[in-house]
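Here the structure is a predicted model, which means the values were calculated and not measured. In what follows, every heavy atom counts, from backbone to side chain, and hydrogens, waters and symmetry copies are set aside.
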Amino acid sequence: MHGIFRVRELLEGEAEANAAARLRPEDIAAMRSVLEAQRVSSAAADAQEVIAANRRFHFALLDRCDNEWLLRFVTQLWEALQPHRALSYRRAAAAGDPARSEAILTEHEAIIDALESGGTAHALDLMAAHRTAGRSDFHRLLGRPAD
């Protein structure tokens, strides 16, 4: 799994930078709307909808990437992690530990705030940190050592 995360760091960071340069107010509004849906599904402990909302949040930005090949590869990486993502979210819900769920919502909010204020470089830094935290979640929740 280390390989997937490393390639995601490289490609997704590039796709986010490309997309952020093309971001429109309606894209930010879509991200905010999805964040609210994610809050509701998180509070209801609906892991399936939390996962779907998380993907919609990220792709509200990523879909603005104008490099078709880059977006295609990033999408494939997301799909490759989907079974692991589902398992890790379900384990977190089963453990009754909402702390990481709340942290993800807070991270998403900070990303939106940075994008809204024109702090693209800061938003990209926040997205990189968010990806790193997600990688740590996978290792912790799936019981695998960090690479």
Quick check: is [Y] connected to [X] through a chain of hydrophobic side chains (ILVMFWY, heavy atoms under 4.5 Å apart)?
{"X": "I51", "Y": "L105", "value": "no"}
{"X": "L81", "Y": "L11", "value": "yes"}
{"X": "I28", "Y": "L62", "value": "no"}
{"X": "L70", "Y": "W78", "value": "yes"}

Side-chain contact, heavy-atom cut-off 4.5 Å: [X] with [Y]?
{"X": "N67", "Y": "L71", "result": "no"}
{"X": "E9", "Y": "R135", "result": "yes"}
{"X": "Q38", "Y": "I104", "result": "yes"}
{"X": "T75", "Y": "F59", "result": "yes"}
{"X": "M127", "Y": "L61", "result": "yes"}
{"X": "V7", "Y": "E12", "result": "no"}
{"X": "R22", "Y": "D66", "result": "yes"}
{"X": "H130", "Y": "H58", "result": "yes"}

Partner set under salt bridge (charged side-chain N to carboxylate O under 4.0 Å, His left out) for [X], not counting sequence neighbours:
{"X": "D63", "answer": "none"}
{"X": "R39", "answer": "E36, E109"}
{"X": "D113", "answer": "R32"}

Apply the test side chain to side chain contact (heavy atoms under 4.5 Å, CB included) to residues L10 and R6: give CA-CA distance (whole Å), side-chain angles for both, the deciding distance (0.1 Å), then the verdict. CA-CA 7 Å; L10 298 169; R6 180 63 185 132; 3.5 Å; yes

Restricting to non-hydrogen atoms, name the atom on [X] and the atom on [Y] that form the minimum distance, rounded to 0.1 Å.
{"X": "A80", "Y": "I4", "answer": "CB-CD1, 4.1 Å"}
{"X": "E49", "Y": "S41", "answer": "CG-CB, 3.5 Å"}
{"X": "V74", "Y": "A15", "answer": "CG2-CB, 4.0 Å"}
{"X": "S101", "Y": "S42", "answer": "OG-OG, 3.2 Å"}
{"X": "L23", "Y": "A60", "answer": "CD1-O, 4.5 Å"}
{"X": "V34", "Y": "F57", "answer": "CG1-N, 3.5 Å"}

[atom1]-[atom2] distance between [X] and [Y], expressed to the nearest 0.5 angstrom:
{"X": "T132", "Y": "R8", "atom1": "OG1", "atom2": "CZ", "result": "9.5 Å"}
{"X": "S33", "Y": "R56", "atom1": "OG", "atom2": "CZ", "result": "8.5 Å"}
{"X": "N18", "Y": "R64", "atom1": "CG", "atom2": "CZ", "result": "9.5 Å"}

Might you work through the side chain to side chain contact (heavy atoms under 4.5 Å, CB included) test for R131 and E16, ending with a clear yes or no? CA-CA 12 Å; R131 220 175 359 267; E16 289 165 347; 2.9 Å; yes

